[in-house]
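All heavy atoms count here, side chains included; hydrogens, waters and symmetry mates do not.
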Number of protein chains: 2
Amino acid sequence: MTSKRPSAPLLDSAKPQSQRPSGSPCAACTVRDQSLCAPLSDEELGIVEGFRSGTRRIAAGHDLLVQGEPATELYNLISGWVFNYQLLEDGRRQIDKIGLPGDFLGFQADLERPMGYSVHALTECEVCVFPRRNLLELFREKPALALRLTWMIARDESLARERLTSVGRRSALERIGYFLLDLYYRVRLREGVPVGADIPLPLTQEHIGDALGLTSVHVNRTLRELREMGLLRVAGRRLHVMDPDGLADIAGVDEDTFAEYATFPGTAC
Amino acid sequence: MTSKRPSAPLLDSAKPQSQRPSGSPCAACTVRDQSLCAPLSDEELGIVEGFRSGTRRIAAGHDLLVQGEPATELYNLISGWVFNYQLLEDGRRQIDKIGLPGDFLGFQADLERPMGYSVHALTECEVCVFPRRNLLELFREKPALALRLTWMIARDESLARERLTSVGRRSALERIGYFLLDLYYRVRLREGVPVGADIPLPLTQEHIGDALGLTSVHVNRTLRELREMGLLRVAGRRLHVMDPDGLADIAGVDEDTFAEYATFPGTAC
DNA sequence: TCATAGCGCTAACCTAAGTCAAGAAGCCCG
DNA sequence: CGGGCTTCTTGACTTAGGTTAGCGCTATGA
């Protein structure tokens with residue numbers, strides 16, 4: 001049940017690395033459809049630029065937001081993978097969400113309060129920065145954005161609930177199957193990866209364990225089992241799902257559980 | 001890991017029992033401060049009455065909303081306890097949220113989609129009914145309500161995340177300690193129960209197990225342990241926390257983790 | 001180029017929690 | 001007041017997953 005956190009620079013603060021002058025890049029934003037900004041028309045998009053304070057790069061392995069510290073900024077993830085996690089005093093870690101491009105990072109019920117969790121960059125990331133103080137004003141200006149945010153949070157809540165069901169009630173085999181299948185669909189549908197191709201998976205087995213309430217050792221054993229069943233293969237930081245249906249079977253989900261991800265970009269509230 | 005669901009009428013649909021004509025009871029609403037309506041002034045309150053369709057009683061043991069079925073109505077819980085749960089095909093159950101008076105029930109990202117979870121009445125409940133179709137219009141009329149809802153969902157998400165950390169990384173003793181302490185504070189602060197008094201706890205040991213990813217047998221063992229440590233006592237559908245600090249210690253939370261509940265009513269966004 | 005560090009992988013062993021079973025309370029309802 | 005429910009409780013036994021420890025591979029960087 002335990003897992004002593006190792007050396008790693010897990011609690012280092014994020015280090016700003018470059019800070020472009022915010023030209024007018026929103027029009028060329030690569031994640032617009034999946035992000036907060038989806039409901040905005042081309043003309044409206046200009047408004048956002050007045051509220052954001054540019055983009056920033058975060059090196060892999062650094063924390064964008066730190067549990068216990070107040071967050072002065074919110075981020076729209078443009079590229080890269082992140083995860084949210086909570087730490088117990090003795091170092092046990094729970095990873096609760098894997099964030100992909102388009103996800104909005106750092107919002108919580110009470111923005112005045114210190115962060116309830118940390119956000120960690122798995123790969124090098126590029127984020128679009130919103131000073132916290134601007135946010136409510138932006139929402140007042142463009143209520144559609146507020147609605148969109150509500151929608152995104154509700155989606156996060158549903159993912160969290162789903163994950164809770166996994167960790168509370170599914171076996172290791174089911175859990176890992178479900179988790180990887182879920183990632184597989186999320187990534188495929190956002191990035192338009194062709195069926196049958198493998199996807200990047202910048203997670204160690206320890207990350208997977210911390211996301212699912214397992215040990216890295218047991219993750220390894222279970223991954224082997226899934227490989228021997230011919231369902232998937234994890235190697236070289238990539239995931240290859242060979243038999244999505246068989247995997248869905250193991251995970252105990254009905255066919256279209258992940259179909260709803262397909263609606264993600266379209267549903268502009 | 002498994003737990004065969006027993007006989008019980010878990011999947012019965014909710015049975016409407018009475019349907020008062022909606023006089024003008026909003027002014028006398030007992031949960032106004034804790035509910036969606038908190039941001040409304042006395043005058044504004046009248047508006048809500050045009051959108052809601054009255055109140056309804058649900059008998060204990062019935063489901064208000066059912067996983068897989070579309071929800072035509074949303075509810076504001078006025079009195080009674082409920083819980084949200086998800087069911088796996090083989091009957092394993094995960095309870096994800098205990099709902100108390102003031103909680104808003106049934107909202108999810110995509111209201112058109114069938115419910116992703118069920119809501120079950122633990123005690124007899126009284127709810128304030130909002131037809132789903134009215135909701136967006138109501139929010140357009142009163143944006144403060146939309147903001148308030150966002151706030152409430154974000155709060156739910158944070159609770160779900162906290163619970164995930166428990167189930168994924170805490171031992172049975174810690175988990176149960178945390179869970180009961182959390183309920184203790186939530187109930188105390190909402191109902192103004194005096195310090196040292198016991199609170200109602202309409203949960204069976206099986207419910208607690210299903211909420212925390214444990215077996216009822218193991219919950220029983222662990223409850224005994226907590227009792228023998230002099231920390232708490234569960235009996236006759238009531239919970240008596242004898243040593244909140246000691247319990248917080250076991251649960252591994254810092255003092256003011258639950259202090260934020262205190263801000264619940266006040267923070268009208 | 002060698003050394004260090006992180007990660008993957010496996011094996012042997014251990015323990016927290018699950019399973020099964022059965023009796024004791026308590027409760028509802030005729 | 002007496003069956004038929006759940007729910008609680010406990011004991012004996014099993015098991016999924018945790019722990020510890022090593023080895024090998026691959027980067028990285030001085």
Please round to 10 degrees the angle between the axis of the first five pairs and the axis of the last five pairs in the helix from C:dT1-D:dA30 to C:dG30-D:dC1. 40°

Between A:E73 and A:R56, is the closest basic N to carboxylate O distance under 4.0 Å? yes

Could you pull out all residues at least two apart from A:R163 that satisfy salt bridge (charged side-chain N to carboxylate O under 4.0 Å, His left out)? none

Among the candidates C:dT10, C:dT19, D:dG18, find the nucleotide nearest to the side-chain atoms of B:V217. C:dT19

Under a 4.0 Å threshold between the charged nitrogen and the carboxylate oxygen, would B:R190 count as salt-bridged to B:D103? yes

In this structure, are over 12 heavy atoms from other groups packed under 6.0 Å from A:R188 atom CZ? yes

If the cut-off is 4.0 Å, is A:Q205 near the phosphate of C:dC7, judged by side-chain N/O to OP1 or OP2? no

Quick one: is A:N220 getting a side-chain N or O under 4.0 Å of the C:dC9 phosphate, OP1 or OP2? yes

Contacts under 3.5 angstrom, residues 221-229 of chain A side chains, donor-acceptor by atom type, not counting sequence neighbours:
| from | atom 1 | to | atom 2 | distance (Å) |
| --- | --- | --- | --- | --- |
| A:R221 | NE | A:H218 | ND1 | 3.1 |
| A:R221 | NH2 | A:H218 | ND1 | 3.2 |
| A:T222 | OG1 | A:H218 | O | 2.7 |

For C:dG8, take OP1 and OP2 only and decide whether either is under 4.0 Å from a side-chain N or O of A:R227. no

Distance-only donor-acceptor test, B:R221 side-chain atoms vs C:dG18 base atoms, 3.5 Å: yes

Under 4.0 Å: is that the gap between some side-chain N or O of A:R237 and OP1 or OP2 of D:dT26? no

Ignoring backbone atoms, test whether A:R224 places a side-chain nitrogen or oxygen under 4.0 Å from the OP1 or OP2 oxygen of C:dT10. yes

